[in-house]
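This report refers to the structure that appears directly beneath it.
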Amino acid sequence: MKYFPLVWAALWRRKLRTWFTIISVVIAFFLFGMLQGVNLGLDSLFNILSTERLRSSGRINNNQMPLAHLQQMKAVPGVKAVTPLTPVIGTYQEPGNVVLALGIDIDAWFNDIYPTMEMPKENVVAMQRTRNGVVVGKASADRYGWHTGDHIPLQALNVKQMDGSSAWDFEIVGIYDIPRAPQWATNVLANYDYINEARLNGKNLVQQYITRVDDPANYQKVATAIDELFANSANQTMTMSEQDFVRTLLAQLGNISYLLNGVVGAVLFTLLFLTANTMTLSVRERIPELAALKTIGFSDRVLLATVLVEVFVLCGVAGGLGLGASAVVFPKLMNTLGPYVGLEGLRIPVKVYLLGGGIAALVALVSGLPPALRAMRLNIVDGLVSR
Amino acid sequence: MQAIVELKGVEKFYQRGKTKVPVLQKLDLSIAQGEFLALMGPSGSGKTTLLNLIAGLDECNAGEINIGGVRIDKLRGSKLTAWRARHIGFVFQFYNLIPALTAARNIELPLLLTNLTAAQRAKHVAAALQLVGLSDRAKHKPGELSGGQQQRIGIARALIADPTLLVCDEPTGDLDRQSADDILGLLQILNRQHGKTIIMVTHDQKAADYASRQLHMDKGSLIESRTARVAA
């Protein structure tokens, strides 16, 4: 600790350069946090998705499918339960508060398809009794301060009511949670029948069917059977597991993981050179000072350590600020943009911060070691005459 | 008086490719405790090399260097570093202060290598600042001080750990006459009133006149020794 003023002084010897380096490191780790947050956050999403649930959508241009498919799907061997799903994308109070209300079969949803979602049985009954009743995810309830009995008016962006109005009124009859991944408890779950009857267009059409299979090992067989069932109809289906469905959806945006890793890699690689350059310059212009310190009696090891601590402080503080900024911005960004793509529950996993800390340490070590070794090996006589 | 520095048959050469460039040739020297010695000579005569050898900054190729009873030509690495920290105070021509540290922090540097507490270090620093007459400049950074003041800080830093030897390499080489006289007067006080043994390399005869003994060097050998006309 007693050497810290020396480290601090060296760090601020060239204030402008230090600030530029800090800003660069902050930006780099902010990007790292944001991009890896998406990357590893999606991995965590895949972990809660499963192959025991299938998603069927219209094969041609993702067209909506007729409600009549529902009964036929239920009759396919290996199918345990099926729910229709049709979304109402709306805003709550402010244009930035985008809320996704999913019209579903509430009984099938909680009892058979997503039994791991926690909700009291009486709420299912309440939903069945209340035509415009909804259950809301705990994450959204916490965010908007919703309670059971509240009415939530949504200004729909994609579905109009019979009278041409975009205003939908839902009554909250319960709150559900997803204990394994509470951040994903964000949706509003409504009765499909209510939405279907009240909407102006698209009556008796379904955006998606979600099927629970008896045996996850047979999911491929069941998916094929469903698609074959409608192979000769005008409304062919494309059925895949929930995991594959989300992967395919994301793949339409390109290989996200590859892209994000590439960007993060390039940013960190550039950062490495930038920090190394800063430290090399910093040590080079301090050669006479370092030689003077050696003359005074500072050992080779102390000088090695002070230069290394200097770069570790730089990368640690700036990297921490960058990761901290991403921790603040990422949830806000996901809350704003997430509902449009169904990713509002995406959060930066803890391992991104741990990984970020490790990378900051590695950047510090790789960029700081050569100049630190130079300081350590400095010949005093040569150093003193080098001004 | 007891010799504190004794050099016997010291040789130093630099290797330039296949050529051996001799710098010091079979040099013998004895410096008594409490002496103020001025080393003079033209550029390239070897005086700074001799100073570096005495201060343990460089290694000789042959001969013995005995400082205060320690054969420093036998010391290497961390042992030599530790010895230097304890026994040598070095005053540089260009001060070599850390620009981002205050005067007090610069002076404190050698004490960081000791086991003194922060409070004890601060007490020593205050005393050293008072000794060089810069108590009111403790919080100033080197860039806010004149050349003469910076050199005083350099001297305070060299003295703070109470070294056996004060080694000065052209301490007034970068100063105007008035500042140089102030610095030399301070060195003289340290020698006369505090009994510090001082070895000073200088080109300046007026500076050398402050010393109690002058040695002249040429081509790696001591060629003249005389007692100085001691400046007032």
Side-chain angles (χ1 to χ4, degrees), chain A residues 1-19 21-22 278-279 281-307 309-311 313-314 371 373 375-387, chain B residues 12 14 23 48-49 51-53 55-59 76-102 104-118 120-121 141-143 154 157-158 160-161 163 167 169-170 174:
Chain A
M1 249 341 250
K2 63 184 176 181
Y3 297 119
F4 194 74
L6 198 59
V7 172
W8 194 248
L11 201 55
W12 295 106
R13 196 175 185 278
R14 291 269 185 271
K15 285 191 178 73
L16 192 63
R17 186 175 63 202
T18 302
W19 272 119
T21 309
I22 286 175
T278 299
M279 288 311 297
L281 281 176
S282 172
V283 167
R284 186 186 295 163
E285 66 194 15
R286 277 189 284 150
I287 290 292
E289 289 167 33
L290 293 167
L293 288 174
K294 280 196 166 189
T295 305
I296 288 168
F298 280 73
S299 68
D300 295 346
R301 283 182 184 175
V302 168
L303 287 188
L304 175 90
T306 53
V307 175
V309 170
E310 185 184 330
V311 66
V313 167
L314 179 77
L373 286 173
M376 187 185 87
R377 292 170 183 158
L378 177 69
N379 178 284
I380 297 176
V381 175
D382 294 341
L384 288 175
V385 297
S386 70
R387 56 181 304 127
Chain B
K12 177 71 182 175
Y14 293 114
V23 183
T48 295
T49 302
L51 197 73
N52 289 341
L53 290 176
L57 303 181
D58 206 352
E59 294 167 9
R76 292 287 181 275
S78 59
K79 282 186 180 169
L80 183 59
T81 303
W83 174 84
R84 205 165 49 235
R86 177 67 196 89
H87 295 283
I88 299 293
F90 208 104
V91 179
F92 304 92
Q93 180 181 356
F94 297 110
Y95 332 126
N96 281 343
L97 302 175
I98 309 292
L101 291 179
T102 62
R105 287 281 192 196
N106 266 289
I107 294 170
E108 189 191 15
L109 286 171
L111 297 184
L112 297 179
L113 304 166
T114 67
N115 292 324
L116 294 177
T117 63
Q120 289 170 322
R121 292 200 301 268
K141 290 185 177 168
R157 182 179 66 182
I160 189 88
V167 177
D169 189 5
E170 305 252 18
D174 199 39

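To find a chain, count down the sequence lines: A is the first, B the second, and so on, and within it residues start at 1.
Closest heavy-atom contact between B:L101 and A:P5: CD2-O, 3.7 Å. Residues B:L113 and A:F298 share a closest heavy-atom pair of CD1-N, 3.8 Å.
For residues 295-306 of chain A, every residue pair satisfying the side-chain hydrogen bond (donor to acceptor under 3.5 Å, both in side chains) rule, not counting sequence neighbours, is listed here: A:K294-A:D300. Legend: side-chain hydrogen bond (donor to acceptor under 3.5 Å, both in side chains) pairs involving residues 77-93 of chain B, not counting sequence neighbours, sorted by first then second residue: B:H87-B:T164. Evaluation of the salt bridge (charged side-chain N to carboxylate O under 4.0 Å, His left out) test over residues 88-98 of chain B, restricted to residues two or more places apart or in two chains, returns none.
With chain B as partner, the option from A:I380, A:V302, A:I296 having the largest number of non-hydrogen pairs under 4.5 angstrom is A:I296. Of the listed residues B:P110, B:A118, B:P99, the one with more heavy-atom pairs under 4.5 angstrom with chain A than any other is B:P99.
Around the CZ atom of A:R377, the shell of radius 6.0 Å holds no more than 12 heavy atoms that belong to other residues, nucleotides or ligands. Counting non-hydrogen atoms of other residues, nucleotides and ligands closer than 6.0 Å to CZ of B:R105 gives a total of 12 or fewer.
With a 4.5 angstrom heavy-atom cutoff, B:L97 touches chain A only via backbone atoms. Heavy atoms of B:T102 lying under 4.5 Å from chain A are absent altogether.
For residues 6-17 of chain A, a heavy-atom distance under 4.5 Å to chain B picks out A:L6, A:A9, A:R13, given by residue number.
Here the straight-line distance linking atom CG of B:L57 with atom CG of A:D382 works out to 11.5 Å at 0.5 Å rounding. In this structure, B:N106 CG and A:E289 CD are separated by 8.5 Å, a value rounded to the nearest 0.5 Å. With rounding to the nearest 0.5 Å, the separation of CG in B:D169 from CG in A:L384 is 8.0 Å.
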